[in-house]
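Quantities reported herein were computed from a predicted structural model and do not represent experimental measurements.
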Amino acid sequence: MWAKELQPAWQTAFAEIANSGSLKEAVSRNLPTVADGGTSICSGVCEGFQVFQRQYPSTEGCEIVLLTDGEDSSIGSCFAEVKRSGSKIHTIALGPSAAKELEMLSDMTGGLKFAATNSLDSNGLIDAYSGISSGSGSVFQQSIQLESTSQSIGPSEWLSGTVSIDRTVGNDTFFVVTWGASTAPPKIGLTDPRGKRYSQKAFEIGDTNVRMARLRIEGTAEV
């Protein structure tokens, strides 16, 4: 379904200004692919340090995104190591059972802290990652989230919306659509201010996340 009103706004469910996909792929290749056992937040942090040190001589300046949905009574055992590391840890508590001490890792390292639910119609995780990327690095390289919309819809229903992009932004623009009901992508329609239409085929679906479609706008996005 192509929305015809509210031109010249971009029309889609969600828009994100983000860095190039090559960096994301490089990070993904260095991450563990198997998870088992119970909750051990310190083990996760130390593993993050090890991944960073595969490419850099120390953890000074390292930034870690730490997400957990479980309790962990031993989280304080790595506080000293975290302080010495020179790293910044951003924390995301997923659901009501996440360890209460989790925020202390953010507080002691100057990181950001977020809370999210695992509800299918919640954009909490997307918003958290966007908030982290918008607050990291040079101000000229930071990403800006322009819109985030979610809704639970039934069969043959549509989630429609518009995203306005002014002349101060528009470089490396991405539109991202996620879904949770099945692994099959929904029909996606995007119309730009000049009337150019992007269908589902124009969106890229990654190998690591079959429920997310991503479209990169070449050059600078239209105002």
Got a second to check how far [X]'s [atom1] is from [Y]'s [atom2], nearest 0.5 Å?
X: L67; Y: I64; atom1: CG; atom2: CD1; result: 13.5 Å
X: D192; Y: I217; atom1: CG; atom2: CD1; result: 7.5 Å
X: L146; Y: F175; atom1: CG; atom2: CZ; result: 8.0 Å
X: S199; Y: K187; atom1: OG; atom2: NZ; result: 11.0 Å
X: I89; Y: M104; atom1: CD1; atom2: CE; result: 12.0 Å
X: C62; Y: Q55; atom1: SG; atom2: CD; result: 11.0 Å

Return yes when the gap between the SG atoms of C78 and C42 is under 2.5 Å; return no otherwise.
->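 A disulfide, yes.
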Minimum side-chain heavy-atom gap E63-H90 below 4.5 Å |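 Side chain of E63 against side chain of H90, heavy atoms only: contact under 4.5 Å found.
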Sequence-distant partners of E218, salt bridge (charged side-chain N to carboxylate O under 4.0 Å, His left out), two or more places apart |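 Listed in chain order: R216.
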Side chains of E147 and T149: do they bring a donor and an acceptor to under 3.5 Å?
->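 There is such a pair (donor and acceptor under 3.5 Å, judged by atom type) between the side chains of E147 and T149.
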Residue pair [X] / [Y]: nearest heavy atoms and the distance that separates them:
X: V223; Y: R167; answer: CG2-CA, 3.7 Å
X: M212; Y: V176; answer: CG-CG1, 3.6 Å
X: S40; Y: S43; answer: OG-OG, 2.6 Å
X: A221; Y: T173; answer: CB-OG1, 3.6 Å
X: Q200; Y: P186; answer: OE1-O, 3.0 Å
X: F203; Y: A213; answer: CB-CB, 3.8 Å

Quick check on the hydrophobic clustering: are [X] and [Y] connected, directly or via other members, by side-chain heavy-atom contacts under 4.5 Å?
X: V65; Y: L102; value: no
X: F52; Y: L66; value: no
X: I41; Y: F114; value: no

Please check if the side chain of [X] supplies one atom and the backbone of [Y] the other of a donor-acceptor pair under 3.5 Å.
X: S106; Y: L112; value: yes
X: N171; Y: T220; value: no
X: S85; Y: T59; value: no

Report the C-alpha separation of F174 and L215 in whole Å, then their side-chain angles, then the decisive distance to 0.1 Å, and conclude whether the side chain to side chain contact (heavy atoms under 4.5 Å, CB included) test is met.
-> CA-CA 5 Å; F174 288 86; L215 172 68; over 6 Å; no
Evaluation steps, side chain to side chain contact (heavy atoms under 4.5 Å, CB included), between M108 and V82 = CA-CA 8 Å; M108 71 175 62; V82 168; 4.0 Å; yes
Stepwise, does the side chain to side chain contact (heavy atoms under 4.5 Å, CB included) test hold for L105 with F79?
-> CA-CA 7 Å; L105 290 173; F79 281 178; 3.6 Å; yes
